[in-house]
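Input: a single structure, listed below in structure tokens.
Keep in mind it's a predicted model, so treat the numbers as computed, not measured. Sequence lines set the chain letters: A, B, ... in the order given, protein chains first and strands last, and positions in each chain run from 1.
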Number of protein chains: 4
Amino acid sequence: MSEEGRPRRPHTGRRRNDAARQAVLDVTLDLMRSGNADVTIDAIARAAGVGRQTIYRWWPSKGAVAAEALASHARATVPVSDTGSLTADLTAFLAASFVSLRDDRTRSLLRRMMAAAQADEHVAATLADFTAARRATLRELLSRGQARGELPGGADLEMLTDMAYGVLWYRVLVGHAPLDDQAAKSLATCLVAAGAAGAR
Amino acid sequence: MSEEGRPRRPHTGRRRNDAARQAVLDVTLDLMRSGNADVTIDAIARAAGVGRQTIYRWWPSKGAVAAEALASHARATVPVSDTGSLTADLTAFLAASFVSLRDDRTRSLLRRMMAAAQADEHVAATLADFTAARRATLRELLSRGQARGELPGGADLEMLTDMAYGVLWYRVLVGHAPLDDQAAKSLATCLVAAGAAGAR
Amino acid sequence: MSEEGRPRRPHTGRRRNDAARQAVLDVTLDLMRSGNADVTIDAIARAAGVGRQTIYRWWPSKGAVAAEALASHARATVPVSDTGSLTADLTAFLAASFVSLRDDRTRSLLRRMMAAAQADEHVAATLADFTAARRATLRELLSRGQARGELPGGADLEMLTDMAYGVLWYRVLVGHAPLDDQAAKSLATCLVAAGAAGAR
Amino acid sequence: MSEEGRPRRPHTGRRRNDAARQAVLDVTLDLMRSGNADVTIDAIARAAGVGRQTIYRWWPSKGAVAAEALASHARATVPVSDTGSLTADLTAFLAASFVSLRDDRTRSLLRRMMAAAQADEHVAATLADFTAARRATLRELLSRGQARGELPGGADLEMLTDMAYGVLWYRVLVGHAPLDDQAAKSLATCLVAAGAAGAR
DNA sequence: AGTTAATCGAGACGGTACGTCAGGTCTTGGC
DNA sequence: GCCAAGACCTGACGTACCGTCTCGATTAACT
């Protein structure tokens, strides 16, 4: 029973209550991270101590909530090193990217997001931004290598980027092969060699 | 309302009615291919002219139906050419793989399947088989090139395969870049170059 | 067909919608009165323009709905005359009681209620109240006759009452004999004579 | 688990298997006597070790099964004494009739039968026969009293009979008052007095 | 003696109703 | 005007029975 007395957040009167908004986003991410049950609007509202209407007032759909939750989460980013060697930088970047995916909760979040994106345009749009930002980071890393002459001018950096994130997502979603340091190293080597061919 | 007279399939008595089973699978695929609304058990049963219980009798979940429908569909496969040139074979294989994905209905099916796999273990298992079969085909193509000496013995064929299908799925799921002949050509070139490096 | 535009009852927000409650009760009685098919929750909900959940929210079972519907209907009561003669009063009371039972719809309602009471404790409880109220009325009529000396002090009024309503229900439920004015007269005479014996 | 090996009844080839018929009727009565769950065709078939089709082959509806089961049960009848005193005979008859109703299982059976009769014409017809036979017995008892001069020639024996069984059924169905020896005695006295008035 | 025919237990089939759960809308009453 | 709360209608869920339809076996009755 635990009569908890509800310490709840303070009212903000006629202005939007940002604490409530944040609680919704936090709870949504938490629920998507937990491998467990379905993420329903009811569950979010209950866990956030929020009325269902408050969610519908500010977001057009459950997907939109998830999308904004993801967007606000996207800040956490992988540090990019600059050792002067493309292979070394790439290996480090990929290894670092893979590390966080060893956490079941992070993997659960990404898998649910990608799944949701297939049915909800809000999530799709946000996930497109999310992935675009990550691709941009990797692309810049590759660009630096290209500027240093480690990749030819004609290298198809778009394709190289998609090859890297393609492997990452493919293995996250299907789960047939691990994303360990060995994979990061092999992938980095492959990418540099592929880029050196100067296709396009 | 179009008194159609119901020509319905014949009874099979106490044995399972395979026509009903097939109707369920066909209708399920059709519904998943149609971009429209959710695929509900009710909708499948109604469209297949089947009682809901008949579905529950034979499949443990909606995902399992979708999984079997996908599996029975997986026969349609990409022809593998053998021109003597790895790059040529690879380009042809990838281009052929991409062609069917230009169809909205096929793309819709694959996206829904991958999404469903994230929440339903039956779909996940079947999709794992499905993708494994396709990887095996590509791997063999690469193996032949390796046997001909176009790839070194140490080439990480697993990684090359995942790079190819990674790009395919990533672009299908996120939709940020096309899967056209140009992409097939660039991807093939990249893969051969990557393999030539003999990583691992 | 008949695009009727749904004038439906107004929303009451977070408070219970009493119009919906009344619609459910009204429709339930109507359906039980109509000799037709089974009274299903679906049918009640549909006819009342109510969601099925709204019924389950407020009543624990179909029987409970029927019970409350009957209870709210039970107001309609038989007028008790006071002519100074027990036999005359009794004959009038019984004849009036029998009159409404000449209506197929009323008889259908009572028969369904008694049947439902055998399987549903809510209906049983309500029907017990319902019949108790009617017995009390008749008992009082007999008491007045007793006070006037038309019945001895030792008369078993309980038994007399049950004999009267026993005949009524028995004939309603089995239908082997009519409940006409002749029956009312004979029954009244029998009861007065039976009471005069002063049994117990 | 209890691998019981099913000693089941022998096949009778192309003739109707009367053992199966009897098993269905027995089981039906048993289920109706047990206060528990609903009596479904499935439950009858399962408990009788019979295929559902075997039931539908021989009876048009569940009610018809119940009806025949009741009819085959109706043999057990109340012994009629003949002491020379109408009141004594009547008291003995009613007391004996009430005794078996002290058994919950018998009461459950009668209540279910009466309830079923309200919705199923087969049960209604059989119950009408069942009750008519019992009324005839009582009527004859009253007739003997009339022949002996204990009741006037004009006594409404029909009404007296219905008053007796009316009380019995009313109390069985509503349960507001007991059917004990005291009730039998009071009822008998009332009936004799009522009959003595020579109504009609 | 071999064939035919009807019954039996079994269980899949297309349905309908059940009771529950979630979605999205609406209103109350407090701040 | 925002908020928590919660009733409302809708519609999908998975289950239980209904009444129908084979099936393969068993046996009786008719060739």
Side-chain angles (χ1 to χ4, degrees), chain A residues 6 8-17 19-20 38 40-43 45-46 48-58 60-62, chain B residues 6 8-21 38-43 45-46 48-58 60-62, chain C residues 6 8-17 19-21 38 40-43 45 48-58 60-62, chain D residues 6 8-17 19-21 38 40-43 45-46 48-58 60-62:
Chain A
R6 309 288 200 100
R8 213 64 66 74
R9 73 190 77 84
H11 252 272
T12 57
R14 96 182 241 177
R15 281 182 340 243
R16 174 165 189 184
N17 188 337
D38 290 356
T40 68
I41 292 265
D42 269 313
R46 215 174 313 121
V50 143
R52 241 193 344 277
Q53 185 61 27
T54 300
I55 297 182
Y56 287 113
R57 203 190 329 271
W58 300 110
S61 72
K62 178 166 54 180
Chain B
R6 308 292 199 95
R8 211 65 66 74
R9 71 189 76 86
H11 259 266
T12 57
R14 118 171 232 184
R15 284 168 337 195
R16 176 164 189 184
N17 188 337
D18 209 68
R21 173 182 164 278
D38 290 355
V39 179
T40 68
I41 294 263
D42 268 313
R46 217 174 310 123
V50 144
R52 234 182 2 269
Q53 185 63 46
T54 298
I55 298 182
Y56 288 115
R57 200 187 334 267
W58 298 110
S61 73
K62 179 165 53 182
Chain C
R6 309 290 200 96
R8 213 66 68 73
R9 72 191 77 86
H11 258 266
T12 56
R14 120 173 232 184
R15 281 170 337 195
R16 174 164 190 183
N17 189 336
R21 172 182 164 280
D38 290 355
T40 68
I41 293 264
D42 269 311
V50 145
R52 230 180 7 269
Q53 186 63 47
T54 299
I55 296 182
Y56 288 113
R57 200 188 334 269
W58 299 110
S61 73
K62 179 165 54 182
Chain D
R6 307 292 200 97
R8 210 69 65 74
R9 71 192 76 86
H11 240 275
T12 56
R14 112 179 227 179
R15 281 179 340 219
R16 174 164 190 184
N17 187 336
R21 172 181 165 279
D38 290 356
T40 68
I41 292 267
D42 269 313
R46 214 174 313 122
V50 143
R52 234 184 0 271
Q53 184 62 26
T54 299
I55 296 181
Y56 286 114
R57 199 186 336 265
W58 300 110
S61 73
K62 177 166 55 181

Does [X] place a side-chain N or O at less than 4.0 Å from the phosphate oxygens OP1/OP2 of [N]?
X	N	answer
Trp58(B)	dC13(E)	yes
Thr54(C)	dA7(F)	no
Arg57(C)	dG6(F)	no

In whole angstrom, what separates [X]'s [atom1] from [N]'s [atom2]?
X	N	atom1	atom2	result
Asp38(D)	dG19(E)	CG	P	11 Å
Tyr56(B)	dA12(F)	OH	P	11 Å
Arg16(B)	dG11(E)	CZ	P	16 Å
Arg21(D)	dA6(E)	CZ	P	21 Å
Ile55(D)	dA10(E)	CD1	C1'	13 Å
Asp42(C)	dT10(F)	CG	C1'	12 Å

Taking only residues two or more places apart in sequence or in another chain, which ones pass side-chain contact (heavy atoms from CB on, under 4.5 Å) with [X]?
X	answer
Arg46(D)	Asp42(D)
Arg15(B)	Thr12(B)
Ala20(D)	Arg9(D), Asn17(D), Val50(D)
Arg14(C)	none

>> The criterion is salt bridge (Lys or Arg N to Asp or Glu O under 4.0 Å); which residues satisfy it with Arg21(B), sequence neighbours excluded?
In response: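 Per chain and number, Arg21(B) pairs via salt bridge (Lys or Arg N to Asp or Glu O under 4.0 Å) with Asp18(B), Glu68(B).
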
>> Protein within reach of the bases, or only the backbone? For nucleotides 21-31 of chain F, mark each nucleotide 5' to 3' as B, S or -, using heavy atoms under 4.0 Å.
In response: BBB-BBBBS--

>> Which is more 5' along DNA chain F, the nucleotide nearest Lys62(B) or the one nearest Pro60(D)? Just name the residue.
In response: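 So the residue in question is Lys62(B).
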
> Between Gly49(B) and Ile41(C), which has a closest nucleotide on DNA chain E that is more 5'?
Replying inline: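 Per heavy-atom nearest nucleotide, the more 5' residue is Gly49(B).
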
> Can you tell me how far CD1 of Ile55(C) sits from NZ of Lys62(C), rounded to the nearest 0.5 angstrom?
Replying inline: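 That separation rounds to 10.5 Å.
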
